[in-house]
Amino acid sequence: MRIVLAGALGEVGRSLREALIARGHDVFPVSSRAPIADAPDVLGLAQVGALVAAGPVDALVHAGGPGDHRTGRNEVHRWTLELLATCSDIPAVLVSTTRVLEGYSQTPLEGSPGNPSTAYGQANADHEQLWLSNANTRVLRMVNYFCPPADSTSPQASLLPWSLLLEGWQTGKINVRSGGSTVREFIDSGDAARAVEILIDEAPVDRVVVAAPGLVATLEQLVRASIRACEAAGRKDVTATFGEESSGTPWQMSPGWLTQHGWSHELTLDRMTEEMSRWLVEWASTIPNSGRDRG
């Protein structure tokens, strides 16, 4: 397929682009910041319009969530509306997050209206509603997204499990406030790419789906993976402590529309550990020692 991928410079967009290319698709990266001198292949809106007019484009995928956007919400919404207008006749998939559902006390349906309890969740819920105002659109809500940060200063490095990994490497001790049995759920770029393919081929009735269930890992498992990665990079003195706080939603999403259409996650804890080890070996020399606790 020929896919226009907006938000291509962010961590999700970067890794999703690589996964879609690996699956044999032609991917045209797009950014609201184009033109960019050191990234001449990244298209702006005018170039997207020319591309769509010139030949068959199979789908638009928007991986630029407003929660990570550096400009104001009005600019984000204007960019999204212009993008949708340019690609109004092709399937359009928005990559969103289950954080839009974080305010529910019991397990919501995958297509439930947004009920956020944080500014990040609200920004993404608003973005979903804007996206769904066009008939050709679908929304892919993702659980925690696992991908190696572009470098040691990337915002992705502040998210699990990378924050645990960096704390262990920098301080020699990982302090986790929550209990070790607390669970988190993950998918990776390959899982997301396969979900996108299914959504391009067929639209669900309510147009909103969740890529779930993903890989469920306890915080203790993520900490042990971080310790093994530190050992692989040469630091063998990392220890860990756990607290008793509870965090996160009290529920996990049930299998839904994507599962019924053959999707399942392929991410494993072993693969996560391998990726963490490989990344730390590559970037360890750029990470300063620190006494800060990041757990």
Side-chain angles (χ1 to χ4, degrees), residues 1-66 69 76-96 111 127-142 145 147 187-211 257-263 266:
M1 285 189 285
R2 288 162 55 89
I3 298 172
V4 170
L5 176 63
L9 298 181
E11 294 285 43
V12 175
R14 173 186 59 82
S15 57
L16 183 56
R17 177 188 180 188
E18 293 171 356
L20 288 168
I21 290 173
R23 293 183 63 79
H25 303 294
D26 293 326
V27 181
F28 301 90
V30 178
S31 173
S32 60
R33 289 182 271 165
I36 302 168
D38 58 354
D41 63 325
V42 177
L43 308 180
L45 272 175
Q47 293 167 299
V48 172
L51 178 68
V52 171
V57 173
D58 297 293
L60 163 67
V61 177
H62 191 353
H69 209 288
V76 173
H77 286 188
R78 183 164 53 250
W79 159 255
T80 293
L81 289 172
E82 291 173 350
L83 188 64
L84 286 172
T86 303
C87 301
S88 59
D89 296 325
I90 59 177
V93 179
L94 174 68
V95 176
S96 187
H127 202 216
E128 284 188 358
Q129 288 305 303
L130 184 71
W131 190 259
L132 291 170
S133 64
N134 278 40
N136 62 316
T137 56
R138 308 96 152 102
V139 172
L140 173 63
R141 291 171 171 169
M142 299 197 305
Y145 187 78
C147 74
I187 64 170
D188 67 3
S189 59
D191 297 331
R194 288 182 288 104
V196 164
E197 289 173 339
I198 295 172
L199 278 174
I200 291 172
D201 286 339
E202 183 176 349
V205 173
D206 64 6
R207 296 188 290 154
V208 180
V209 302
V210 173
W257 185 88
L258 283 172
T259 301
Q260 296 168 7
H261 286 73
W263 182 91
E266 294 182 355

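Throughout, numbering of the chain's residues begins at 1 and tracks the sequence. Only heavy atoms go into these numbers, but all of them, side chains included; no hydrogens, no water, no symmetry mates.
- A distance of 12.0 Å separates CD1 in I90 from OG1 in T137, rounded to the nearest 0.5 Å.
- Contact between L60 and C87 at its shortest, heavy atoms only, is CD2-CB, 3.9 Å.
- Taking the side chain as every heavy atom from C-beta outward, D206 and W257 never approach each other to under 4.5 Å.
- Partners of R194 according to the salt bridge (Lys or Arg N to Asp or Glu O under 4.0 Å) rule, which considers only residues two or more places apart in sequence or in another chain, are D191, E266.
- Here the closest heavy-atom approach between residue F28 and residue R2 is recorded as CZ-NH1, 3.7 Å.
- Among L45, L5, L9, the single residue meeting the side-chain contact (heavy atoms from CB on, under 4.5 Å) criterion with S31 is L9.
- For A19, the side-chain contact (heavy atoms from CB on, under 4.5 Å) partners are S189, A193, not counting sequence neighbours.
- Taking each heavy atom of L130 and L84 in turn, the nearest pair found is O-CD1, 4.3 Å.
- In terms of heavy-atom proximity, A37 sits nearest to P40 at O-CD, 3.9 Å.
- What you find for Y145 and S15 is that their closest heavy atoms are OH-OG, 2.7 Å.
- Taking every heavy atom of both residues into account, A59 and I200 meet most closely at CB-CD1, 3.5 Å.
- For L140, the side-chain contact (heavy atoms from CB on, under 4.5 Å) partners are V93, M142, A195, V196, L199, V209, A211, L258, not counting sequence neighbours.
- Summarising the local packing, CG of D89 is surrounded by 12 or fewer heavy atoms from other residues, nucleotides or ligands at distances under 6.0 Å.
- Classification of the H62-W131 ring pair by plane angle, with boundaries at 30° and 60°, yields tilted.
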